[in-house]
> 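Structure in structure tokens, see below.
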Amino acid sequence: MPNAHPIARFTKRRVISCALSVGVAGALIAVQGATASAASSNSTSPTVSVAQSNVAPLAAGTPLGTTDPNTPVEISVILRAQNWNFLSSRVQNGWNGPYLSTAQFANQYGQSPLLIAAIQLYLKAFGIKTNALADRLDIQATGTAGQFNKALGVSLKNFRIKAPGIHGGFKNQTVFGSITNPRVPSQFAGPILAILGLTNYSPFVSNAKTATGHKVNVTSSAGTFFPAGMLTPADF
């Protein structure tokens, strides 16, 4: 409409802008309704198993009963990168630039804000707090064992397992976790790569040796006096 009146063009832009806003808001309302339904105990929404970590050590351990439902739990919902093959190829071939800002990376390789909002709304329905990282590939969530049991279809239990000890050997460690994988509503399963943190098992130990003490003899030489406690060049 090159010859349209300025007011008409302005009105058209306002109508389009409002329509887009209503569309986005409508989508979020629909997502919120769906996630609230999924959170209901009577929900029949299908769920799909997704990967987690550190299952094998738990399976080899000794069960000690159900984890206290008030136990604090922190997880990370790791999302699949978009355009993964292209991203992997660039990294493996030596990325020489141009380098991306976090926002640029998120736009090219992260998941959509609408999907992330849907996952956050789903977890919120169970009282779980979330924080989506700016790369749009990681949603951090904090709650209790009882809340995650309901949200992810698991039953967290305590186990006594053998974990690596310092300088070799093993030590007994009491941890919580789930042998069965978490389950999420089917609409979220595809974009989720794994859910990490449903167990507090830690296989990492430090093998650093404690430094032995070194007694310094403070001396004076060539007429130079070194106060007690000061190191000489020879000491270094």
> Go through the steps to decide whether T199 and F159 satisfy the test side chain to side chain contact (heavy atoms under 4.5 Å, CB included), and finish with yes or no.
CA-CA 10 Å; T199 175; F159 299 86; over 6 Å; no

> Measure the spacing between NZ of K124 and NZ of K129 and express it to the nearest 0.5 Å.
11.0 Å

> Using 30° and 60° as the class boundaries, would you call the ring planes of F86 and Y109 parallel, tilted or perpendicular?
parallel

> Should L79 and L193 be marked as a side chain to side chain contact (heavy atoms under 4.5 Å, CB included) after you check the CA-CA gap, both sets of side-chain angles, and the distance that decides it?
CA-CA 5 Å; L79 304 176; L193 179 64; over 6 Å; no

> With a 4.5 Å cut-off on side-chain heavy atoms, are V77 and D138 touching?
no

> Identify the heavy atoms of Q104 and Y99 that sit nearest to each other, and give their distance.
OE1-O, 4.0 Å

> Would you call N107 and R136 a side-chain contact if the rule is heavy atoms closer than 4.5 Å?
yes

> Do the side chains of L152 and I75 get nearer than 4.5 Å, heavy atoms only?
yes

> Can any side-chain N or O of S76 pair as donor or acceptor with the backbone N or O of I78 at less than 3.5 Å?
no

> What is the distance from atom CG of N131 to atom CG of L133, rounded to the nearest 0.5 Å?
5.5 Å

> Should we say atom CH2 of W84 is surrounded by more than 12 heavy atoms from elsewhere, each under 6.0 Å from it?
no

> Could you check Y122 against V184 for side chain to side chain contact (heavy atoms under 4.5 Å, CB included), going step by step and ending with a plain yes or no?
CA-CA 10 Å; Y122 174 77; V184 299; 5.7 Å; no

> Going through the checks in order, is the side-chain hydrogen bond (donor to acceptor under 3.5 Å, both in side chains) test met by Q120 and T130?
CA-CA 6 Å; Q120 289 182 287; T130 60; 3.0 Å; yes

> Just so I know, are the side chains of Q111 and Q82 near enough to count as touching, which here means a heavy-atom distance under 4.5 Å?
yes

> For the CG atom of N149 and the OG atom of S178, what is their distance to the nearest 0.5 Å?
8.0 Å

> Table please: side-chain donor-acceptor pairs of residues 66-73 below 3.5 Å, with sequence neighbours left out.
unit_1, atom_1, unit_2, atom_2, d
T67, OG1, L156, O, 3.3
T67, OG1, K157, N, 3.3
T67, OG1, K157, O, 3.3
T67, OG1, N158, OD1, 3.0
D68, OD1, N70, N, 2.9
T71, OG1, D68, O, 2.8

> Would you name the heavy atoms of A106 and A134 that are closest together and state the gap between them?
CB-O, 3.3 Å

> Supply the atom-to-atom distance T47 OG1 to Q187 CD, rounded to the nearest 0.5 angstrom.
10.5 Å

> Report yes if some heavy atom in the side chain of T62 is under 4.5 Å from a heavy atom in the side chain of I161; otherwise report no.
no

> Restricting to ring pair (Phe, Tyr, Trp, His ring centres under 6.0 Å), what partner residues turn up for F176, sequence neighbours left out?
none

> Decide if atom CD of E74 counts as having more than 12 heavy atoms of other residues, nucleotides or ligands within a radius under 6.0 Å.
no

> For A81 and L137, work out which heavy atoms get closest and say how close.
CA-CD2, 3.7 Å

> Is the side chain of R80 donor-acceptor paired with the backbone N or O of G190 at a distance under 3.5 Å, no angle test?
yes

> Between P57 and Y201, what is the shortest heavy-atom contact and its length?
CG-CE2, 3.6 Å

> Please lay out, stage by stage, how S89 and N93 fare under the test side-chain hydrogen bond (donor to acceptor under 3.5 Å, both in side chains).
CA-CA 6 Å; S89 175; N93 292 328; 3.2 Å; yes

> Should I128 and T142 count as side-chain neighbours, where that means a heavy-atom distance under 4.5 Å?
no

> Using modelled atom types only, decide if a donor and an acceptor are shared between the side chain of Q147 and the backbone of T144 within a distance under 3.5 Å.
yes

> Check whether any side-chain heavy atom of N181 sits under 4.5 Å from a side-chain heavy atom of V55, and report yes or no.
yes

> Same cluster or not: are L64 and L58 linked, directly or through other Ile, Leu, Val, Met, Phe, Trp or Tyr residues, by side-chain heavy atoms under 4.5 angstrom apart?
no

> Looking at side-chain heavy atoms only, is the closest gap between L115 and F188 below 4.5 Å?
yes

> Check L123 against A151 and note the closest heavy-atom contact, atom names and distance.
CD2-CB, 4.2 Å

> If only atom types and distance count, is the side chain of R183 paired as donor or acceptor with the main-chain N or O of G153 below 3.5 Å?
no

